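Encoded as structure tokens, the structure appears first; notes follow it.
Below, chain A is the first sequence line, B the second, and so on; all start at residue 1. From a predicted model like this one, the values you see are computed outputs, not experimental measurements.
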There are 2 protein chains.
Amino acid sequence: MSERVVPPADRRRRRPTKQGVVLSEELIVSTALRLIEEHGADALSVRRLGRALGADPSSLYRYFRHADDLMLAIADELIGRTLRLWRPTGDWQEDLRDLGLKMHAGALAHPRAAVLSSCRVTGRAHEIQAVETILGVLRDAGFPDGEAVRIYHAYVDQALAFGALDSAAIALPRAAREAEASVWRATYARLPADTHPHIAGTARHLVADMGRSSYPAALDLLLSAAAARLQEIRARQERPVPDRI
Amino acid sequence: MSERVVPPADRRRRRPTKQGVVLSEELIVSTALRLIEEHGADALSVRRLGRALGADPSSLYRYFRHADDLMLAIADELIGRTLRLWRPTGDWQEDLRDLGLKMHAGALAHPRAAVLSSCRVTGRAHEIQAVETILGVLRDAGFPDGEAVRIYHAYVDQALAFGALDSAAIALPRAAREAEASVWRATYARLPADTHPHIAGTARHLVADMGRSSYPAALDLLLSAAAARLQEIRARQERPVPDRI
DNA sequence: ACCTTACGACAACACCGTTGACCTGTTAAA
DNA sequence: TTTAACAGGTCAACGGTGTTGTCGTAAGGT
């Protein structure tokens with residue numbers, strides 16, 4: 001097969017497709033995103049994408065080695081869009097809070113894409129930039145390297161994981177989503193106190209809370225734990241090894 | 001087609017399959033679980049399952065309306081198994097840590113089921129039992145109702161979200177998974193210090209840390225933040241009434 | 001002994017990702 | 001200006017997937 005995908009430098013990209021479209025990596029990615037937004041994540045297939053582009057499905061293999069490559073390109077595009085919106089202030093906790101909420105919001109804005117890109121490491125430009133930025137915020141705040149990486153990892157994965165989780169909930173068929181919401185009212189809130197005392201005792205809070213995303217709460221918990229850890233570290237640096245034989 | 005799936009009450013389940021197996025909902029679910037465990041997540045397809053059972057694939061549609069239904073049945077079975085493994089000790093933080101890790105491990109053992117079930121509220125017996133149990137742990141620890149629900153929600157969603165995230169990573173085709181691992185070594189660890197100082201400065205930690213799941217770390221952060229919150233609450237309760245043991 | 005019907009088997013459908021072969025127009029070099 | 005190389009399009013085919021309409025048959029209930 002020699003090599004199907006030609007490195008971008010050697011591209012000449014001349015002949016338009018049979019329906020007159022001139023393909024390019026960018027056009028393919030953006031069309032894929034549009035397709036996902038309009039018809040859901042499972043509407044994205046090589047064949048459908050080809051049809052949407054007015055090209056033969058096999059043409060896409062001139063640009064991506066396989067469908068997975070395409071997914072990574074889509075994921076990276078989303079990271080870039082989110083990062084471009086973010087404006088850091090210098091307060092590490094506030095900045096990470098803001099970025100986390102923006103990533104989460106970005107995922108919710110593209111529910112279908114978020115679900116399939118959440119678990120991938122792309123190693124592409126935008127992702128690298130994001131890693132560098134977040135690590136910088138943590139190290140500048142004073143976290144030692146090992147701790148910074150540990151917290152970075154938990155922070156990013158939590159944002160991705162909740163993004164995917166809440167996206168999946170949003171992407172459910174409308175009927176299913178309403179059914180879920182009513183389960184808390186109709187089933188949980190009506191359990192008798194003698195068999196389920198804790199549910200019955202907190203029913204009011206459950207109905208109010210379970211309809212919303214818990215990401216903001218989880219994010220705050222994570223950041224406050226990190227802040228506590230940072231204070232510990234600073235204290236130890238100032239008063240090195242108090243009493244230890 | 002009238003209705004393909006017959007309600008369990010009306011089942012007669014007599015004729016064995018051509019290869020002599022007598023099908024049942026339980027047999028199908030357990031065989032599916034075995035198949036996942038033995039040959040990986042992508043080994044589970046209706047056709048393969050049929051082959052493993054010695055039955056025609058279409059026969060399975062007498063028991064489940066579609067493949068999703070089967071996944072949910074598997075997921076429900078998993079909730080039950082996880083709860084049955086858990087042995088609370090009375091130390092709320094340790095108990096929630098243990099349960100969280102067990103839920104996460106359960107999800108990883110059955111990636112496809114975890115992905116599908118993570119965002120759904122079933123309102124079924126096992127789920128209700130889990131809600132009641134976790135809320136009980138938090139209230140007994142001393143969290144007021146509103147706080148208990150807030151933390152319960154973040155805790156459960158975190159377990160589900162990370163379970164789904166890490167499951168999705170595991171469910172990737174083998175080649176893609178290995179590619180991901182090597183990205184940290186081959187791409188990130190080789191970025192020059194002048195353009196990416198923070199990545200270069202922590203490369204050693206990144207390579208070591210990013211290959212693992214960050215759920216244990218994220219769980220610990222959440223629980224320690226909750227513990228800090230609880231101390232605050234207790235302190236506030238004790239101050240208005242100074243002498244109180 | 002007879003209906004009824006649960007349920008297994010079969011064949012077919014529409015889709016999927018992917019590949020090898022072929023062809024064609026552009027482009028860089030001679 | 002001619003020409004050879006080749007990027008990049010199309011086509012056909014392979015083996016996989018979930019799902020359904022149809023039919024036959026054996027096991028119940030009466």
Short side-chain N/O contact to C:dC7 OP1/OP2 from B:R11, under 4.0 Å: yes

Output one line per pair: protein atom, nucleotide atom from nucleotides 12-16 of chain D, and distance, for all N/O pairs under 3.5 Å.
none

Are B:F64 and B:E25 close enough that some pair of their side-chain heavy atoms sits under 4.5 Å apart? yes

Take the protein atom CD of A:E25 and the nucleotide atom P of D:dA7, then report the distance between them rounded to whole Å. 16 Å

May I ask you to test the A:D76-A:L72 pair for a side-chain heavy-atom distance under 4.5 Å? no

When the distance from CG of A:L60 to P of C:dC16 is rounded to whole Å, what number comes out? 12 Å

Assuming nearest nucleotide by heavy-atom distance, tell me which of A:P16 and B:P57 is located more 5' along DNA chain D. A:P16

In terms of side-chain heavy atoms of B:R62, which of D:dG21, C:dC7, D:dA5 is nearest? C:dC7

At less than 4.0 Å, is any side-chain N or O atom of A:T17 found next to OP1 or OP2 of D:dG9? Yes or no. no

Parallel, tilted or perpendicular, as decided by the 30° and 60° cut-offs, for the rings of B:H104 and B:Y215: parallel

Between atom CG in A:L27 and atom C1' in D:dG8, what is the gap in whole Å? 15 Å

Is there a side-chain contact between A:Y152 and B:H205, using heavy atoms and a 4.5 Å cut-off? no

Please determine if A:R11 forms a cation-pi arrangement with A:Y63, meaning its NZ or CZ atom is less than 6.0 Å from the six-membered ring centre and no more than 45° off the ring axis. yes

State which of D:dC11, C:dT19, D:dT19 makes the closest approach to the side chain of A:K18. D:dC11

May I ask you to say what B:Y63 touches in the nucleic acid, namely base, sugar-phosphate or nothing, with a heavy-atom cut-off under 4.0 Å? sugar-phosphate

Under the criterion side-chain hydrogen bond (donor to acceptor under 3.5 Å, both in side chains), I'd like the reasoning laid out for B:E77 against B:H126: C-alpha separation, chi angles, the key distance, then a yes or no. CA-CA 9 Å; B:E77 175 62 24; B:H126 287 321; over 6 Å; no

Which is it for A:Y188 and B:E127 under the side-chain hydrogen bond (donor to acceptor under 3.5 Å, both in side chains) test, yes or no, and what are the steps along the way? CA-CA 11 Å; A:Y188 280 89; B:E127 194 194 54; 2.8 Å; yes

Between the base of C:dG25 and the side chain of A:R12, is one N or O donor paired with an acceptor at under 3.5 angstrom? no

d(CZ, A:R4; P, D:dG9) in whole Å: 12 Å

Please give, in whole Å, the distance from C:dT26 C1' to A:D10 CG? 15 Å

Among C:dC7, D:dG18, D:dT10, which nucleotide sits nearest the side chain of B:A67? D:dG18

Whole angstrom is fine here: how far is it from OH in B:Y61 over to C1' in C:dC13? 13 Å

Donor-acceptor pair present, B:R15 side chain and C:dG8 base, under 3.5 Å: no

Once you round it to whole Å, what is the distance between P of C:dT19 and NE2 of A:H66? 9 Å

Length of the line joining A:D42:CG and C:dC15:P, which is rounded to integer Å: 14 Å

